[in-house]
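Quick note on labels: first sequence line is chain A, next is B, and so on, each numbered from 1. In this text, all values refer to a predicted model and were calculated from it rather than measured experimentally.
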There are 4 protein chains.
Amino acid sequence: MNPPALHIAPGDTVRVDNGGSDSKNVRRTAGGDPQTGPFYIDSVYTGDMLVVHIVKLTLNRDTAISNDALASRALNRDLAVATRDNRKQILWHLDCDRMVGWPADRSGHLAAFEVPLRPMLGCIGTAPDPGPPAPAAFDNGNWGGNMGFNEIGTGTTVYLPVSVPGALLYLGDAHALQADGELNGTALETSMDVEFSVDVIPKKSLKTPRVETAMYIAAIGFDGTVDGALQAATDSMADWLAKDYDLNPSEIGQVLGASAEYRIAEIADRTLV
Amino acid sequence: MNPPALHIAPGDTVRVDNGGSDSKNVRRTAGGDPQTGPFYIDSVYTGDMLVVHIVKLTLNRDTAISNDALASRALNRDLAVATRDNRKQILWHLDCDRMVGWPADRSGHLAAFEVPLRPMLGCIGTAPDPGPPAPAAFDNGNWGGNMGFNEIGTGTTVYLPVSVPGALLYLGDAHALQADGELNGTALETSMDVEFSVDVIPKKSLKTPRVETAMYIAAIGFDGTVDGALQAATDSMADWLAKDYDLNPSEIGQVLGASAEYRIAEIADRTLV
Amino acid sequence: MNPPALHIAPGDTVRVDNGGSDSKNVRRTAGGDPQTGPFYIDSVYTGDMLVVHIVKLTLNRDTAISNDALASRALNRDLAVATRDNRKQILWHLDCDRMVGWPADRSGHLAAFEVPLRPMLGCIGTAPDPGPPAPAAFDNGNWGGNMGFNEIGTGTTVYLPVSVPGALLYLGDAHALQADGELNGTALETSMDVEFSVDVIPKKSLKTPRVETAMYIAAIGFDGTVDGALQAATDSMADWLAKDYDLNPSEIGQVLGASAEYRIAEIADRTLV
Amino acid sequence: MNPPALHIAPGDTVRVDNGGSDSKNVRRTAGGDPQTGPFYIDSVYTGDMLVVHIVKLTLNRDTAISNDALASRALNRDLAVATRDNRKQILWHLDCDRMVGWPADRSGHLAAFEVPLRPMLGCIGTAPDPGPPAPAAFDNGNWGGNMGFNEIGTGTTVYLPVSVPGALLYLGDAHALQADGELNGTALETSMDVEFSVDVIPKKSLKTPRVETAMYIAAIGFDGTVDGALQAATDSMADWLAKDYDLNPSEIGQVLGASAEYRIAEIADRTLV
């Protein structure tokens with residue numbers, strides 16, 4: 001397969017979705033979650049912790065694309081058989097005033113079906129360790145990447161490791177809404193204006209990406225299974241509580257036991273750990 | 001091991017926690033999540049669906065018991081090593097006016113640590129199919145049982161299968177609060193006054209227990225892994241959407257993809273499926 | 001469901017298969033893997049290790065029953081869809097002279113299909129700890145039970161924990177042959193004459209059942225997942241190497257790294273751990 | 001990290017192990033499983049099936065390197081704690097006449113410990129689909145790569161997909177012996193003379209790599225869990241039985257149920273699927 005020719009003229013501002021299409025559904029870049037960046041950030045060095053403030057995410061088109069299939073990891077025998085013919089692309093209409101969306105061809109029992117929009121970035125990451133080759137845009141791992149975590153929206157702060165000088169931050173994969181699991185393999189894929197700022201905490205490491213919202217501190221765990229990801233996230237949160245909150249192992253047990261919430265960000269993409 | 005002698009005199013009203021102790025911490029029954037019931041419910045037959053309305057849960061003592069250990073399923077190598085000496089029982093003080101709790105011996109960095117109370121029933125179930133022997137009180141499965149789902153509180157409706165005449169409903173395992181996962185193996189274990197009513201939907205089956213709150217419809221999935229439980233819950237929810245909401249497979253894919261939320265109820269008890 | 005009436009007259013010797021049928025396919029007992037025992041063994045006490053020598057297994061009929069379905073745990077999406085109509089009982093002919101078997105209605109591409117017979121006991125166990133109720137005959141756990149391990153045949157020694165006075169040994173579930181995984185949910189189910197002897201090692205505990213053959217020492221691991229069972233088996237083997245072979249952790253790592261073989265006994269039955 | 005400078009002079013024949021060291025333990029190339037290739041194979045096109053005959057593997061040094069740690073995926077809580085200090089490199093002596101090996105510093109209870117050598121290739125693969133970036137040498141997936149399957153030795157035939165013109169075959173990671181699981185993260189790492197020939201079956205696809213030995217036909221399954229890999233391997237084998245042996249779903253169920261053997265190749269490397 002040859003990559004499609006690019007259709008971006010000099011001076012163009014082009015906002016593409018995960019398939020590389022602009023707001024008129026014209027293919028402008030290759031698909032597969034095209035990213036913005038990498039951004040080389042001055043005075044940031046290997047071993048630092050990069051701090052990314054998501055100042056504002058603004059939807060900039062009135063449609064999104066998804067589909068009706070369910071990701072293999074969500075399927076037991078019965079559900080695999082029941083949904084074996086699901087393979088339809090779904091066009092969603094986005095009402096950015098009321099911040100709700102609905103399938104353009106909804107009818108029958110779904111005639112009144114609409115969902116609240118909650119814009120988020122599916123992808124945000126730095127360059128991983130130099131050893132392995134560059135991950136694909138649908139990969140995730142301890143450097144971040146395609147994490148598909150629906151708390152990464154306006155007002156959220158994301159902490160990422162810095163493995164190369166300048167960090168090489170990249171981001172993309174705009175979702176108007178993504179439910180837990182990213183069960184269709186895609187969310188409501190669209191484009192977005194992204195306003196963000198960066199900061200750095202020098203010489204500070206972290207086990208996995210950290211996320212702070214108005215409500216939560218969250219540690220992300222990656223693994224080929226939900227069970228393993230749960231362990232990795234719990235370990236990373238325990239590490240955070242030990243290093244930044246000075247809790248001892250017994251206190252960590254008490255805090256986690258009484259306060260932990262688990263969210264299954266996504267089970268659709270590839271994890272490299 | 002002989003079970004301890006019971007200390008209940010005729011006419012006593014005794015409210016015990018999961019260890020069988022009363023509010024003065026005197027052991028009154030055997031531990032291991034003693035249950036209330038079974039209740040034989042008139043005019044309920046095999047193949048019906050039992051409806052249990054949790055009208056009101058009221059805490060009735062000012063302490064709870066937990067511990068600081070973390071359940072094996074939450075531990076990767078690093079966290080297993082870090083918490084290898086955790087084995088302390090934790091006494092929690094419950095302030096039932098402000099509805100908050102805190103470890104009685106909190107100090108240092110946890111000196112101001114308190115958590116909001118949210119009473120719930122750890123166990124609610126019917127008798128399973130007659131074939132296998134009775135499950136233990138710490139078991140769960142498609143009949144319900146020790147599900148440890150923190151949405152089962154005041155105002156919630158639980159739907160359970162009926163596998164024997166009269167359903168043989170039982171309930172217990174009062175938690176003042178349980179975070180996701182029941183990570184300590186126990187939650188904030190205490191006792192509770194439980195007000196509930198029952199209803200029946202004749203000749204109606206369900207794949208796994210269903211739960212309705214003011215915010216959610218929830219299908220519970222059981223498996224030895226979180227990954228398998230996720231599949232079972234998704235299958236049960238799809239079955240519910242098909243049978244009660246008349247959605248076809250494509251519509252089910254669209255609704256789940258845009259709306260699903262996953263909660264990890266608990267990873268501490270034994271699942272029989 | 002009422003259990004079927006028994007058809008055993010006084011003085012009868014009846015040899016039944018896992019469905020409770022005799023060699024003429026007449027139902028004589030309830031199905032679901034009927035067991036022989038429990039045997040109360042004199043001078044064996046709680047905390048001892050029971051040693052069972054499988055002296056000889058002898059097939060005593062010329063048929064076995066299996067089916068063509070695949071256990072859910074073996075199925076990904078594609079295979080679930082491909083085999084969704086598999087639900088046929090398969091009658092196998094057993095040639096006990098040549099010790100081979102074949103499906104009675106083999107034809108077409110399977111016209112010459114035959115498999116070597118290798119008799120084994122699907123079930124062997126002691127009574128588990130008194131706390132939980134008796135496991136079903138299709139359950140397995142650290143007390144043994146329905147382990148479905150195809151190395152448990154003539155000449156094998158099985159080591160089991162003793163949790164109650166007399167051990168209460170039971171055994172059954174005769175398989176003329178069982179491939180790894182017991183993929184059909186059943187193996188080649190038949191009946192067998194079993195000759196065994198018992199021994200005891202006083203006051204000696206073990207983490208999980210141990211098996212010795214002419215070729216192997218094997219530790220069994222139980223879990224709801226193969227991944228967890230692999231960990232439990234590795235841990236039990238490491239414990240064995242430490243306690244009975246006096247190896248230190250580094251030596252255990254060297255021996256396991258250079259010598260371990262893993263066998264997936266079965267993924268069809270229920271594990272209680 | 002800068003890659004180490006290469007120490008290979010023109011005309012040199014250098015045989016390196018997985019760490020890039022030659023038989024005198026001098027570092028000659030970068031480590032991390034250096035590979036030989038890629039080989040562009042004439043008249044082989046995308047969509048063909050590549051056939052690689054491993055004609056002969058010959059050990060060419062008298063040492064191998066391993067270590068005493070256990071891979072995280074093999075560790076439950078108890079075993080993680082028990083082996084938390086394991087981190088020693090182990091030098092193995094290889095006796096290529098008797099074809100046995102032993103740890104150079106064996107003593108005490110391991111004084112007589114030796115293991116039979118069984119040379120194998122840890123890595124063999126073609127270039128994957130052009131979309132994603134090149135996998136690392138420690139990655140595996142449906143194109144092959146670091147499969148760590150100890151049946152890939154002298155006399156074995158490996159079938160691989162062709163995703164780019166010329167296939168771009170590569171191989172490496174010589175193991176004098178590898179037990180199931182590659183539990184130390186490494187096997188007995190050494191170097192080897194490899195004699196192989198290639199063939200092609202035009203326009204023929206396969207789900208995952210296939211392996212044929214004198215005893216077995218084997219389909220490899222890849223996943224982040226053993227449970228998922230078991231499903232993928234079973235699916236690939238069923239696909240093979242359907243397409244090349246013309247079996248219908250019922251016959252596939254009968255053959256797998258009576259004949260399947262599962263081997264856990266390795267749980268140490270990274271799977272990209």
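The contact between A:Thr83 and chain C is made by backbone and side chain atoms together, counting heavy-atom distances below 4.5 Å.
Note that CG of C:Leu75 and CG of A:Leu75 are 12.0 Å apart. Values are rounded to the nearest 0.5 Å. Rounded to the nearest 0.5 Å, atoms CG (A:Asp227) and CG (C:Asp227) are 8.5 Å apart. Taking CZ of C:Arg77 as the start and CG of A:Asn76 as the end, the distance is 11.5 Å to the nearest 0.5 Å.
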